[in-house]
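What follows is a single structure, written as structure tokens, with notes after it.
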Amino acid sequence: MQITINGKIEQMDACTIDQLVRRQGLKPEALVVEHNRRIVQQAHWQEIQLREGDSLELLRFVGGG
Amino acid sequence: MSKDVLTIGGKVFTNRLFTGTGKFADNRLIAGMLASSGSQMITVALRRVDLSAGGDNILEYIPKSVTLLPNTSGARTAAEAVRIARIAREAGCGNFIKIEVITDTKYLMPDNYETLHATETLAKEGFVVLPYVLPDLPLAKRLENAGAAAVMPLGAPIGSNRGLETASLIALLVENCQVPVVVDAGIGRPSQAAAAMEMGADAVLVNTAIATAQDPVSMGRAFGMAVEAGRMAYLARLAEMSALARASSPLTGFLNE
Amino acid sequence: MSFFSVIEDYQAFDFDAYFQQVSRSEVARVLAREKLEALDFLTLLSPAATEFLEPMAGKAQQLTVQYFGRTIQLFIPLYIANHCANQCAYCGFNRANAIERRKLTLEEIEAEARAIAATGMRHLLVLTGEAREVTPMAYIEAAIRRLKQCFASISIEMFPMQEAEYRRLKTAGVDGLTLYQEVYDRQIYRKVHLAGPKTDYRFRLEAPERGARAGFRAVNIGALVGLGEKRREVFFTGLHARYLDDRYLATEIGVSLPRFNPAEGDFQPRYPASDREFVQFLLALRLFLPRAGITVSTRERAAFRDRLMHLGATRFSAGSCTGVGGYARPDRRQTPQFEISDTRDVAQVAEAIAAQGYRPVYKDWDLIA
């Protein structure tokens, strides 16, 4: 299926948010996930099945003034 | 006298130096800088994860006792700032937010108009809003009425280290604002931070000058001391330099007639 | 938050102890300062500061000229009714007083307006007693609309109102609100306001702020000097002005220094102020509030008022009649609310101002609707 991650179109197999985060090797504790413009708390990552055409934003805190 | 503290959004701060996490050569220096400066509030930014690179978690270097002040850097409109603020809150970093909306890429001046609109929205949603603005008194009053928890006028353009170029305008804010005034941006050396505090600013926010110093930990300490000294001088009431006017003939002599 | 909480903050403050410890050098230090804080102001109101009247006057004059030029703004009061539901121990309109009660008709108001306008006056202060059933909002609005034809600026000095009512009057043409707390000391306030709606201290205290919120261009406050411990009363007047000035940038905050006239009726003020003290209060207010208009009324003697324009006063009433009407038909003048001391007419006051090297201003602005 095809979904948009951080503005880029990516091809991948069907999965949940939780699976995607693991697959990408991201540290969950520092990650903020926005699924179709709605923020998803980490506790709910396992429940959200990604679908064709979904849009995902993966954000984290970085240095800034 | 009661202890001199600064209260913002219900939180009590005993230290008036706010710091930032940008531009450090090594994020491990942040923890040392926080310890040496005594800073109790620090800014962070929110960015898209680079999927190809791993990435450091900046929050690991910030003790839980320090208040996080996520900023909305990158936002060019009020709507974008609002979106970033909501994400930051959902991420569990508390409800403090520094609104920073910059539409001018040449001088990086904050856009007061968009900032006001974002403040109006976010204050209603219960955020503790600290808007970063050009020092404009009528605007500051509007921010205050909109529910801002503080106003953060710039001393000079971001990262310029030029100091209090806007001092006389900031003085008007200090004199007329009911909410705390935090001088943000442009402060390049401890003496400038002290000067801002001497003129009655409630706090200063320093990032670049500390992060890009040869020794950020020592520079953090220097800023912490300068802020404290400036605050103490303000509270101790500086002596004025103005001379007394002398009327050529007595004005109150008639009272003896 | 309202000014009420500031008053409460000072409940436990020991004013006498503060005055005791004020030294000469502390007064000198305060005089050298550019911006005064609350306690600096109190220092200038202290008995110790009475020795510093001349340097205070020098600075007060300099500040006044800097912000106002050598000008004195003139205004004239017009009482349109004297019905009153209140029983204020010191006031001629006290409901217990057996005086003739009158309310001008709109036609009479117009006649008064024409008579006043003929003197050149363009700033009018319209007054009533407090009797909502006799002088309801609709009557006041109608009166303002008539008066607006003849004057550039209309201020009101009436009972305290709700913000919405102030907005109505602003729409009708009022641009200024004068409202004296009379006395900030709550115990004394209770003692001298024996009955009627005015017994509500807090509703009155917060009325100037409601007026500023309603958008009046000018708000003028004051304490009746003599009712309460005078130095404290002037102190709270100044703090109240600073409080409003800090919050309402769109409104010019002014203060008045109404002092009991010794010639006045039966009421004997407990804390009468001498001329010397009066001058100290005026100077301290000027130094604490450099940009504030300060009003001195015809309660003060002509020769005394002429001196005060050099010391910080910026607004004078002139040619005043403090009974209902009285300008169109001077032969029908009624019992005044208070006695006046400066009985000169408008032209004489203007002449005296000019003789002091100042310019009388009949019209400071005009509201363009």
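In the text below, chain A, chain B and the rest are named by the order of the sequence lines, each starting its count at 1.
Judged by distance alone, with hydrogens and angles left aside, the side-chain atoms of B:N57 form no donor-acceptor pair with the main-chain N or O of A:K27 at under 3.5 Å.
Across all their heavy atoms, A:G64 and B:A45 have their closest contact at CA-CB, 4.0 Å. Minimum interatomic distance between A:F61 and B:P70 (heavy atoms only, all atoms of both residues): CE2-CB, 4.1 Å. Between B:I87 and A:I39, the closest heavy-atom pair is CA-CD1, 3.4 Å.
Using a 4.5 Å heavy-atom cutoff, the side chains of B:E90 and A:Q41 are in contact. Side chains of B:R83 and A:R37 form a contact here, defined as non-hydrogen atoms less than 4.5 Å apart. By the 4.5 Å heavy-atom criterion applied to side chains, B:L46 and A:V62 are not counted as neighbours.
Residue pairs meeting the salt bridge (charged side-chain N to carboxylate O under 4.0 Å, His left out) criterion with at least one partner in residues 38-52 of chain A, sequence neighbours excluded, do not occur; the list is empty.
Using a 4.5 Å cut-off between heavy atoms, B:K23 makes no contact with chain A at all. Residue B:L59 touches chain A through its side chain alone, counting heavy-atom pairs closer than 4.5 Å. Neither the backbone nor the side chain of B:A211 comes within contact range of chain A; no heavy atom of the residue lies under 4.5 Å from a heavy atom of that chain.
Taking a 6.0 Å sphere around CZ of B:R28, one finds it holds 12 or fewer heavy atoms contributed by other residues, nucleotides or ligands. For A:E10, the CD atom is densely surrounded, since the number of other residues' heavy atoms within 6.0 Å is greater than 12. More than 12 non-hydrogen atoms from other residues, nucleotides or ligands lie less than 6.0 angstrom from CE of B:M109. Heavy atoms of other residues, nucleotides or ligands lying less than 6.0 angstrom from CD of B:E228 number 12 at most. The environment of B:R89 atom CZ is dense: over 12 non-hydrogen atoms of other residues, nucleotides or ligands sit within 6.0 angstrom.
Residue with the most contacts toward chain A among B:L68, B:T43, B:N207, B:N71: B:T43 (heavy-atom pairs, distance under 4.5 Å).
Here CZ of B:R47 is found 12.5 Å from CG of A:N6. Values are rounded to the nearest 0.5 Å.
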